[in-house]
Every structure is written in C-alpha cells, then in structure tokens.
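Along the sequence shown, residues are numbered consecutively beginning with 1.
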Amino acid sequence: MSLKTLKDVSYFKLNNQINIPVNGSIPLAKDKEAIVAFFAENVMPNTLTAPTYAEKLEILIKDDYLEETFIRKYDMSFIEKLHQELVDFDFKFDSFMAAYKFYTQYAMKSNDGSQYLEHFEDRALMNALYMADGNEEQARTLAFAMIKRHYQPATPTFLNAGRKRRGEFVSCFLLQLTDDMNSIGRTINSALQLSKNGGGVGLNLSNLRGAAAPIKGYDGVASGVVPVMKLFEDSFSYANQLGQRQGAGVVYLSLFHPDIMEFLSTKKENADEKIRVKTLSLGVTVPDKFYELVKNNETMYLFDPYFVEKEYGIPFSEINITEEYDKMVANDNIRKKEVNARELEQEISKLQQESGYPYIVNIDVVNRANTVDGVISMSNLCSEILQVQTPSEINDDQTYKTLGTDVACNLGSTNIINMMTSAGEFGSSIEAMVRALTFISETSNLDSVPTVRKGNDEMRAIGLGAMGLHSYLANNHIHYDSKEAVEFTSVYFMLLNYYTLKASNKLAAERGQTFKDFDKSGYADGSYFDQYLNHDYFAGVSDKVKGLFNDIDVPSAKEWTELKASIMKEGLFNSYRLAVAPNGSISYINDCSSSIHPIVNRIEERQEKKVGKIYYPAAGLATDTIPYYKSAYDTDMRAVIDVYAAATEHVDQGLSLTLFMRSTLPEGMYEWKVETDKMTTRDLSILRNYAYNKGIKSIYYVRTFTDDEEEVGSNQCESCVI
C-alpha cells in the first residue's frame with residue numbers, strides 16, 4: 001500500500017487555512033479539522049494491524065523492526081495490559097503539526113515506507129519498556145509520564161529505543177584537545193566516529209599554541225588554530241550521516257588566546273575562503289577579567305598556551321585567567337600580545353549581529369557554580385552542557401598513554417504545562433525520568449571514543465530540562481516579561497533540582513555507588529545546600545504563583561535538611577542532573593513552546609521539505625491568551641535574561657539562552673536608545689554584560705530579525721536541538 005500523494009489530501013489545505021483570518025479572527029478550528037483529516041486520509045488506512053497487540057509485536061520482532069531481548073524481560077500479558085491502559089487513556093494530539101511531526105519523523109515505518117508500524121502510544125510504550133529494563137513498576141510509571149506528556153526523551157532516544165536497526169541514543173558530545181599533533185589527529189578520528197552516527201560535537205581549541213609559536217625549538221612556525229578549524233569542518237562535512245545531513249560541530253576558544261581575532265574572522269561574510277568556516281559553529285569562553293578590562297577600557301593581554309603550559313605545567317584551559325592574569329602579564333617567560341579590550345568586545349558584537357556567533361560561555365561564572373571537583377573549560381553545540389573533563393595523553397601510534405574523560409549528553413525534557421497538572425505525581429515522575437536517563441547513559445554504545453565512554457561510566461551525568469514555559473505562563477494569564485514569570489520559573493526549577501537530587505540519592509543508596517570523586521564535591525561536605533537552607537525560594541512569591549503550586553509538594557526547609565543529610569551519607573549516583581536544551585521537534589509533538597524562551601510567532605510558519613508550509617498555533621492560543629503571547633522579538637531581552645537567571649540558580653549545568661533582536665528595535669524598549677532605533681553593537685554589549693551580572697552561564701545564538709523579514713542566526717543545529 002502506498003501513502004496518498006499530496007494532491008489527494010485535504011489536511012494540508014485545512015491547516016493552511018488557519019493563516020487566513022475570518023472576520024478578523026484566527027480560524028483555529030481548521031487545525032483540528034486537519035488532524036481529523038490526517039488520521040482519516042493518511043494514518044489509519046496505512047497502519048499495520050494485527051488481531052492482538054502480542055501478535056503485532058511478534059511480527060515486528062520477526063521482521064527485524066524491534067529488538068527481542070528487552071521485550072522478553074516482561075510477561076507478554078503485562079505488556080498487553082499496559083498497552084491497553086495507554087490506549088484507554090485516549091491520547092490526542094492538540095495540533096496538526098504535532099501529529100504530522102510524530103508520524104513523519106518518529107513513528108516506525110515499514111522498510112518501503114508504505115506503512116506506519118506504530119502510534120504515539122506504541123512509541124511511548126517501547127521507550128518505557130526499553131528504559132525500565134524489566135522493571136514493571138518503572139515501565140508503567142515511565143509510560144504514563146510520556147503518554148501524559150510530562151516527560152519527553154531527546155529525539156535520538158525517543159526515536160531509537162527498542163528498534164532493532166537503530167542509531168545511537170545520544171546526539172551530543174564534548175571533546176577536548178591538548179597542544180600536540182597526536183591529540184589533534186586522535187580527536188579528528190573521534191569526531192568522525194561520533195559524527196557519522198548523527199552526533200553533534202563540541203571541541204575545545206584553547207590549549208593549542210598560537211600562530212608563530214615555536215615547534216621543537218623552531219620559533220615562528222606554528223600555524224595556530226584556524227587550520228585546525230578547517231580540518232574539523234572538512235571532517236564534519238565528510239561524515240554526513242549517509243548523505244542525509246552535514247555533520248555538526250562547534251569549536252570553543254578562550255578570549256585570551258592570541259589567535260582570537262583570526263578565530264572570529266573565520267565567520268565574517270567577507271572572510272577569505274582560505275580561512276572562512278561555513279558550517280562550523282564558534283564559541284568563546286569569557287573569564288571575569290575580560291568584563292573588568294572592558295569596563296575600565298584597558299589594554300588586554302593575550303597569552304600563548306605553549307608558554308603558559310611550560311610555566312604552569314597544566315593546559316591553558318585549566319588556568320584561572322582572572323586569578324593569574326597579573327602574574328602572567330608580569331612573567332617575561334610567557335609570550336603575549338596586546339589588544340584593546342573594548343575593540344575586541346566590539347568585534348564580538350559585530351559578528352553576532354552579522355552571523356549570530358559566537359556563543360558565549362562565562363567560564364568563571366560556570367566554575368564558581370560547579371560543585372563537582374575539577375575544571376569546566378567548554379560547552380557543546382547548544383551551550384547548555386557544562387561538565388568537568390580531564391585531558392588525555394596520546395602516544396605516537398595513537399594509543400592512549402593516559403586516558404582522559406570527555407562528555408556525552410544524555411538529555412530529556414519535562415513539559416511544564418503537563419507537569420503542573422500532575423498532582424501527587426511530580427516527584428515520582430521525576431524519579432522515573434532520572435532512572436530512564438541514567439539507563440540511557442549506561443547502555444549507550446560509546447566504545448568508538450574511549451574518552452567519552454570513560455567519562456560517561458565514571459560521572460553518569462544526565463541532563464533533564466524543561467519546555468513549554470511560555471505556553472504555561474500564557475495559559476495562566478501571566479506575561480513572560482513579568483515578576484510572576486520570574487517567580488514561577490525559580491520555584492519550578494527549584495522543584496526539578498530537589499526531586500532529581502532525591503532520585504539520584506536513592507539510586508546511590510540502592511546500588512551502593514556514587515559518581516567518581518563524589519567525596520570531593522560540595523554535595524559531600526554539605527556546602528551545596530546552604531542556598532536552600534539559608535533562603536526560602538517559595539516564601540516570598542506572590543499569592544498567584546503560590547496558588548499554581550497548590551497541588552504539588554514543595555519541599556520545606558526540614559525536607560531540604562533531611563535530603564542534605566541523606567546525600568552526605570549515601571551520596572549521589574549522577575554527577576550532573578539538569579540542563580535546559582533549546583528543543584525542536586519534541587516541543588511540537590508535545591504541543592508546547594520550545595524550551596523556556598518566548599515564542600517567536602503566535603502562528604508559526606514552518607517550511608517542511610516536500611510538503612510546503614505548515615502552520616503551528618501556539619499552545620492554548622485563544623482570545624483570552626493572545627495578549628500573553630508576545631513575540632520574543634518584541635520582548636525586552638533583559639526580561640528573558642531575568643527568567644533564565646531565575647532558573648540558573650537551580651540548574652547544575654547550563655541553559656541554552658537565545659537572544660532575539662530586531663535590526664530596528666521597538667521604540668522605547670531600551671532606555672539607552674536615544675539617537676537611533678537601529679540595533680547597534682553597543683546594544684549587544686550591554687545585554688551580554690547584563691547577562692553576566694545576572695549570573696548567566698552561557699548565551700547561545702543571537703537571532704536577528706531584519707527589516708527585510710529575514711532571520712540571522714536562526715540555523716539551529718539539528719543534532720542538538722532535541
């Protein structure tokens with residue numbers, strides 16, 4: 001049976017009608033009609049059926065669609081009963097986009113693409129059974145967390161769990177380089193291995209010696225970081241996931257590296273083709289010292305990593321530049337060059353205005369907040385993963401003399417809209433999510449890159465995040481740029497922190513294991529909990545926000561004290577637990593706004609390959625919620641930063657924060673705008689400094705909506721937008 005051709009269907013036409021006002025109103029009912037038509041014309045006629053669910057599973061196992069091993073860990077009677085419970089839940093997609101996205105991108109199909117082999121209930125069940133690893137109670141809890149859309153695994157997990165012929169469960173990795181050719185060669189190989197399976201890779205180039213540094217005693221011969229960037233870009237282009245899409249990578253460099261100007265120049269539109277990087281993303285790590293030098297309009301010294309490592313005996317990225325800056329300036333053994341700090345600041349703003357890059361990682365802010373022993377020196381493709389890594393030493397034959405640790409991103413998201421209606425289930429749902437993410441971290445096949453395997457095994461890091469914040473606020477008549485939005489965000493993420501800590505502590509007690517070097521962490525000595533024992537994040541919020549949490553157990557100081565004692569005694573299984581990704585397709589199938597940033601449009605227009613335009617109305621869009629759905633481009637970015645700062649207090653890793661700017665800024669939005677309404681480099685500089693002073697750890701893209709209605713910096717990485 002072949003799927004109907006586009007000219008025979010009505011659902012695209014019905015969906016497109018919601019963009020045509022009727023008597024001044026948005027005909028949202030047409031989107032509901034499109035869902036009905038999509039199921040009647042496309043889904044139901046082309047779905048594999050069998051007399052019983054057990055028989056259907058046996059067919060899928062026999063024909064190599066499903067793995068058999070995880071299915072056999074359960075009695076078939078349990079699977080059939082749980083499947084029927086999910087069917088009886090009567091799940092419905094709320095938008096045509098959600099249904100279309102699920103069936104075109106996630107639902108398992110026959111080899112020739114002519115039949116759907118599963119519905120949303122089935123995919124949720126396969127994920128739950130696979131990640132529960134034979135535990136029936138965990139499988140049921142997890143299945144209902146997904147069917148109720150409390151929880152959404154990241155795309156690679158949700159897509160591949162249970163499939164016989166599958167990709168990997170993880171799509172995001174962080175690798176670091178040391179200052180030698182063996183490390184560069186080995187890391188290129190690692191990047192190829194990860195990229196060929198669809199992984200996005202973050203790379204730290206800060207340790208590489210600058211251009212014209214010595215090599216084996218010969219001065220002035222080193223090529224610097226730009227040629228290495230070109231090598232990685234070519235590698236990602238080559239490993240293009242069977243021709244389906246380009247590999248994706250980001251390179252990070254310290255602002256105090258001597259090649260920083262050349263590094264930034266590679267993304268300029270008028271850059272020479274010999275140095276220009278087209279697909280590689282750029283990020284910079286920014287110590288506190290830079291903000292101080294800019295404020296005081298001082299000369300800034302850039303230090304060559306080769307000489308710094310000779311003096312300090314450790315890689316450049318492990319040096320606290322803010323603390324050591326004056327000593328390094330005074331040290332004649334360290335080669336350095338001068339730039340004007342404000343000129344460098346302006347170069348960053350110009351490039352962000354032009355391309356959306358570079359990402360910003362406020363590295364001292366990150367390490368002050370880090371409670372795990374070690375140094376964080378970089379981030380990932382979406383700037384929300386912030387974890388300790390240790391360097392490797394590579395022999396000439398490319399074997400490891402010393403095996404360091406790198407990072408795999410094990411991600412998933414809570415749906416704020418539905419979690420807030422989970423009376424009595426909030427804590428148990430979070431525990432199920434932590435266990436599911438931990439299972440993925442333990443079962444992912446990472447053997448091709450031993451440093452990632454080791455880091456994953458030792459640290460057991462996960463990254464639970466959130467999406468749907470703007471949707472939830474709007475549906476509760478709260479403006480995104482309001483005090484109540486900040487209060488709600490703070491309490492919600494405090495709850496995520498508390499319940500993930502509780503779940504990880506329970507895992508540690510059950511297994512008698514903690515993550516490596518737990519005893520050296522701020523959890524072990526109890527200092528991490530001071531912020532919760534000395535400050536009540538719930539006490540001072542407005543009555544309206546308190547009312548939103550009426551049916552959810554908000555921990556008291558006594559409960560925080562008890563959790564502190566339990567963690568100091570039993571430990572934590574996971575070194576990191578929280579990270580907020582930008583989201584993508586999973587927010588559509590969850591019928592909610594992406595991540596925790598504001599929406600871009602009340603009716604979003606998406607250009608889908610082969611089918612044309614699809615329109616997606618914001619979740620719960622109605623006459624009474626329209627005023628609360630203000631576009632990100634019409635929102636003061638300081639309000640967005642305030643919301644992210646409120647979440648950041650409770651998130652042990654990072655949050656993928658995008659700044660949304662118009663090339664012509666709305667009148668009166670920013671009080672410092674007096675001479676022109678055009679966006680300037682000064683505007684971006686002010687916002688970056690505001691973010692830094694609010695404790696923001698990282699800034700992802702700067703997206704600019706131009707006067708000719710184009711977007712700059714909107715090409716988010718498909719590998720990392722989960």
Side-chain angles (χ1 to χ4, degrees), residues 156-157 168-180 182-207 249 252 314-315 317-318 367 370-381 385-411 437-463 504 507-508 511-521 523-524 571-577 579 652-653:
T157 304
E168 297 304 327
F169 300 132
V170 180
S171 67
C172 173
F173 305 90
L174 286 74
L175 305 174
Q176 57 183 325
L177 291 77
T178 52
D179 186 32
D180 63 272
N182 289 332
S183 177
I184 294 170
R186 182 78 201 208
T187 308
I188 288 173
N189 177 68
S190 296
L192 283 167
Q193 294 297 324
L194 297 170
S195 187
K196 74 178 183 182
N197 294 320
V201 183
L203 302 153
N204 181 19
L205 305 185
S206 294
N207 295 323
Y252 283 90
I314 57 176
S317 62
E318 295 186 26
N367 279 291
N370 176 43
T371 195
V372 174
D373 184 57
V375 176
I376 297 171
S377 60
M378 62 176 295
S379 189
N380 65 318
L381 263 163
I385 299 301
L386 299 164
Q387 297 180 22
V388 166
Q389 294 165 270
T390 57
S392 300
E393 291 181 80
I394 313 295
N395 295 313
D396 288 342
D397 63 358
Q398 293 290 286
T399 58
Y400 288 97
K401 181 179 180 181
T402 303
L403 184 62
T405 58
D406 285 316
V407 175
C409 316
N410 305 297
L411 302 174
L437 285 167
T438 300
F439 179 79
I440 291 300
S441 77
E442 293 176 320
T443 56
S444 295
N445 179 15
L446 304 171
D447 292 337
S448 63
V449 185
T451 56
V452 174
R453 172 82 276 168
K454 184 183 180 188
N456 209 50
D457 289 346
E458 290 182 351
M459 304 306 284
R460 306 188 191 99
I462 60 175
S504 187
L507 274 172
R511 302 194 187 187
Q513 293 180 309
T514 65
F515 66 83
K516 186 177 183 294
D517 292 335
F518 166 80
D519 58 313
K520 298 177 183 178
S521 72
Y523 301 116
L572 290 174
F573 195 72
N574 313 93
S575 58
Y576 296 95
R577 297 158 288 104
D652 56 353
Q653 293 188 75

Nearest 0.5 angstrom please: [X] [atom1] to [Y] [atom2], how far?
X	Y	atom1	atom2	answer
Leu192	Ser448	CG	OG	10.5 Å
Leu175	Leu203	CG	CG	5.5 Å
Asp447	Arg453	CG	CZ	5.5 Å
Thr402	Glu393	OG1	CD	4.0 Å
Ser206	Asp179	OG	CG	11.5 Å
Lys454	Ser392	NZ	OG	7.5 Å

With a 3.5 Å cut-off and no angle check, do the side chains of [X] and [Y] form a donor-acceptor pair?
X	Y	answer
Ser441	Asn410	no
Thr405	Thr390	yes
Thr178	Asn207	no
Asn370	Tyr576	yes

Min side-chain heavy-atom separation [X]-[Y] under 4.5 Å:
X	Y	value
Tyr252	Leu205	no
Ile440	Thr157	yes
Glu168	Leu194	no

If you take all heavy atoms of [X] and [Y], which pair is closest and at what distance?
X	Y	result
Phe573	Ser504	N-OG, 3.0 Å
Ile394	Ser183	CG1-CA, 4.0 Å
Ser377	Asn204	OG-ND2, 3.3 Å
Leu386	Ile376	O-CD1, 3.7 Å
Pro391	Gln176	N-NE2, 3.5 Å
Cys409	Cys172	SG-SG, 2.5 Å

Under 30°, 30 to 60°, or over 60°: which ring-plane class applies to Phe515 and Tyr523, parallel, tilted or perpendicular?
perpendicular
Sequence neighbours excluded, the answer for side chain to side chain contact (heavy atoms under 4.5 Å, CB included) partners of Ala408 is Val170, Phe173, Leu446, Val452, Asn456
Assess whether side-chain hydrogen bond (donor to acceptor under 3.5 Å, both in side chains) is satisfied between Asn395 and Asn182, documenting all intermediate values.
CA-CA 7 Å; Asn395 295 313; Asn182 289 332; over 6 Å; no
Quick one: does Asp373's side chain have a donor or acceptor within less than 3.5 Å of a partner on Asp517's backbone?
no
Is the shortest side-chain N to carboxylate O distance from Glu442 to Arg511 below 4.0 Å?
yes
Salt bridge (Lys or Arg N to Asp or Glu O under 4.0 Å) involving Arg186 - partner list, sequence neighbours excluded:
none
Applying side chain to side chain donor-acceptor pair (under 3.5 Å), can you list everything that pairs with Thr438, at least two apart in sequence or on another chain?
Asn574
